[in-house]
Amino acid sequence: MAPMFSPLRERNYRLWAASDIVSVGGTWMQVLGLNWLVLSATGSATAMGVIVMLQSLPVLLLGSWGGALADRLPARPVLVISQVIRALLSLGLLAATVAGADALWPIYAVALLSGVISSIEGPALGRFGSALVPRESLAPALALGSVLGSGGRILGMALGGVLVGMSGPGVLFAINAASFGVVVIALAMMRPAEMYPLARARAGSADAGVMAGLRYLATQPVVLVTLALAFVIGSLGRNYQVTMAAMVAGPLEGGAGGYGITSTVFAVGAVVGGLLLASTGKATHTVLVAAGAVISVLQLLSAVAPNLLTFSMLILPIAAGAVIFDTVVSTRIQLDTREDMRGRVLASLGLISSMAGIVGAPVLGWLCDVLGARGALGLAGAVTTVAALAGALVLARAKGVPVPVLRTVRRVVLRRIPAAPSITTAVIPTDAVVPAQPLLTAAAVVAAPAGALIPPTPGRRPLSAAAVVPAPHGAPPHHGSTHPAPNRPGSSARPAVVAHAAAQQAEQATGRRRTLLSLGTGRRGRTVSEGTEQRASFR
């Protein structure tokens with residue numbers, strides 16, 4: 001079976017996927033109905049902003065705590081409880097609508113409670129989803145989930161737009177409540193014996209708390225770089241509801257019709273991106289930084305789009321790349337972390353995503369006011385492009401992966417260093433070339449002046465000039481020191497060797513250990529034993 005459909009081998013995943021598309025469709029129907037209800041009652045966009053804030057605030061405040069709970073508690077019971085509570089909240093909105101209450105406090109209360117549920121449900125959902133498929137099928141499973149989410153959103157918004165005009169928003173709330181019932185039924189039908197359970201943190205242990213999760217995260221440079229990229233690109237490159245609307249309404253003069261066209265193109269691109277990633281099943285770090293760089297460059301180009309058609313043609317691959325980027329971020333966060341820490345790391349990703357929306361949307365709006373829509377898109381695209389390239393280099397350094405470009409730059413720089421006098425006839429006894437500190441690289445040895453091959457150490461002087469010229473015929477060999485070698489009075493001198501060969505033999509004489517000294521060959525100062533080093537892969 002192709003990688004795209006490999007998750008569908010699992011019965012539990014099929015149940016989850018079917019219920020998920022129903023639930024996502026119901027959720028977007030409720031979002032549309034809620035917007036209609038609030039705007040009809042108040043005519044204020046500020047009230048909608050308050051609702052969004054109330055939904056996001058609990059995630060920021062309680063997300064880490066929810067991640068710690070997700071790492072300790074079994075996921076399926078948590079999800080059943082959360083779905084039941086969400087269904088009750090939807091029924092509460094239905095009751096408020098039927099009662100005809102003009103006050104907004106019931107809606108604000110539901111929004112706040114929904115945010116509290118999300119802070120606990122989000123990490124549990126991430127852990128549960130990864131337990132439905134084997135590790136190698138996680139990337140296609142998440143990509144298919146993204147496709148289903150996009151499809152559910154399109155269906156929910158389309159059907160909701162028809163129903164809200166016919167019967168009002170109340171029916172949308174009722175449909176959403178029923179959709180949560182579908183998820184509960186699917187959870188009940190799953191077979192625990194066919195799952196791939198993850199390790200859980202033990203309640204009361206030192207590794208079970210919020211601070212333990214933060215300490216663990218601080219020791220994971222690869223995960224930290226992934227989160228940093230998610231924040232920068234998410235805040236300046238993923239808030240297209242701001243920049244796309246400003247571009248269409250401003251320089252492109254597309255009006256409401258043009259905005260509808262670009263929104264549809266964006267939705268289609270999201271589906272294409274999910275299908276593309278699901279078909280390959282590749283969610284490596286290379287794909288991550290490549291997707292981030294591509295959408296950043298395309299965003300930069302979209303700033304100079306001359307018309308609506310060109311802008312729409314750029315929006316399609318941008319949307320596809322954005323879905324690939326988001327899905328790979330979620331996949332790598334789960335694959336690169338310990339199972340008993342996964343809920344807390346996923347909670348950190350939720351915090352980053354919320355902060356990207358809270359910070360990025362106002363910043364992009366302000367840039368659009370100050371620089372215009374084209375200037376905002378161009379500046380944001382330039383910043384995210386630099387961030388993607390910097391992220392690629394930092395990830396390579398953190399993983400100890402050679403970077404050919406940096407190697408080339410390093411060779412060019414070293415070639416410009418003046419050449420030192422050649423040492424081709426040195427008579428260097430074995431005991432005179434054993435350094436007592438980390439070895440120099442081959443390039444540094446070649447560029448080193450005569451007498452500098454052996455760093456000064458206590459009890460040993462630098463190699464003297466007498467040690468680098470041929471010894472007179474019949475003269476006793478010089479041992480490279482003012483102190484004779486008491487244990488080897490009659491030892492014979494070795495043949496003349498070049499400097500870099502002497503450094504290599506010295507490396508073997510010091511326990512076959514070496515130090516990785518450059519970005520192109522690994523992390524600075526990391527010492528590894530020969531024979532146990534493994535080639536890192538930029539995944």
Side-chain angles (χ1 to χ4, degrees), residues 20 23-24 26-28 30-31 34 48-90 92-93 106-131 142 145 149 176-177 179-180 183-184 187 198 200-201 203 207-217 223 227 230-231 234-235 326 329-330 333-334 337 339-361:
D20 186 55
S23 179
V24 170
T27 297
W28 282 101
Q30 176 165 304
V31 168
L34 196 62
M48 290 304 308
V50 172
I51 291 176
V52 173
M53 181 193 70
L54 290 174
Q55 289 175 331
S56 303
L57 190 60
V59 177
L60 294 176
L61 298 178
L62 304 175
S64 297
W65 180 75
L69 278 181
D71 282 331
R72 295 200 298 265
L73 300 176
R76 189 158 68 150
V78 171
L79 294 179
V80 169
I81 294 173
S82 69
Q83 299 303 297
V84 171
I85 295 176
R86 287 190 179 278
L88 293 176
L89 293 177
S90 296
L93 287 175
I107 298 176
Y108 290 156
V110 168
L112 184 62
L113 290 174
S114 297
V116 173
I117 296 301
S118 296
S119 65
I120 301 174
E121 182 188 58
L125 273 173
R127 283 182 59 91
F128 184 75
S130 61
L142 292 177
N176 190 41
S179 72
F180 294 122
V183 177
V184 172
L187 289 170
L198 306 180
R200 296 205 306 264
D207 290 338
V210 174
M211 294 306 299
L214 294 177
R215 287 193 297 268
Y216 169 76
L217 186 60
V223 178
L227 291 175
F231 175 75
S235 58
D326 290 344
V329 166
S330 181
I333 287 297
Q334 298 185 59
T337 54
E339 291 182 353
D340 60 326
M341 291 286 181
R342 193 166 293 177
R344 280 162 283 186
V345 179
L346 285 170
S348 299
L349 177 60
L351 293 176
I352 292 295
S353 299
S354 296
M355 291 176 60
I358 293 173
V359 173

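- The CG atom of L73 lies 9.0 Å from the CD1 atom of I120; values are rounded to the nearest 0.5 Å.
- Minimum interatomic distance between A124 and A70 (heavy atoms only, all atoms of both residues): N-CB, 3.7 Å.
- Taken from CG in L93 to OG in S114, the straight-line distance is 7.5 Å, to the nearest 0.5 Å.
- Applying the side chain to side chain contact (heavy atoms under 4.5 Å, CB included) rule to S90 yields the partners Q30, N176, A177, F180; only residues at least two apart in sequence or on another chain are considered.
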Donor-acceptor list for residues 58-67 side chains, cut-off 3.5 Å, not counting sequence neighbours:
none

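- Counting heavy atoms from C-beta outward, L217 and L227 have side chains that approach closer than 4.5 Å.
- Applying the salt bridge (Lys or Arg N to Asp or Glu O under 4.0 Å) test to D20 and every residue at least two apart in sequence or in another chain returns nothing.
- Separating the CD1 atom in I85 from the CD atom in Q83 is a distance of 10.0 Å, to the nearest 0.5 Å.
- Partners of F128 under the ring-ring contact (aromatic ring centres under 6.0 Å, His included) rule, at least two apart in sequence or in another chain, are W16.
- Listed by first and then second residue, the salt bridge (charged side-chain N to carboxylate O under 4.0 Å, His left out) pairs involving residues 109-130 are D71-R127, R86-E121 (not counting sequence neighbours).
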Cut-off 3.5 Å, no hydrogens considered: what does the side-chain donor-acceptor table look like for residues 346-359, sequence neighbours left out?
unit_1, atom_1, unit_2, atom_2, d
S348, OG, R344, O, 3.1
S353, OG, L349, O, 3.0
S354, OG, G350, O, 3.1

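- Of all the heavy atoms in Q334 and S130, the pair that sits closest is OE1-CB, 3.2 Å.
- Residues L57 and L112 form no side-chain contact, since every pair of their non-hydrogen atoms from C-beta on lies 4.5 Å or further apart.
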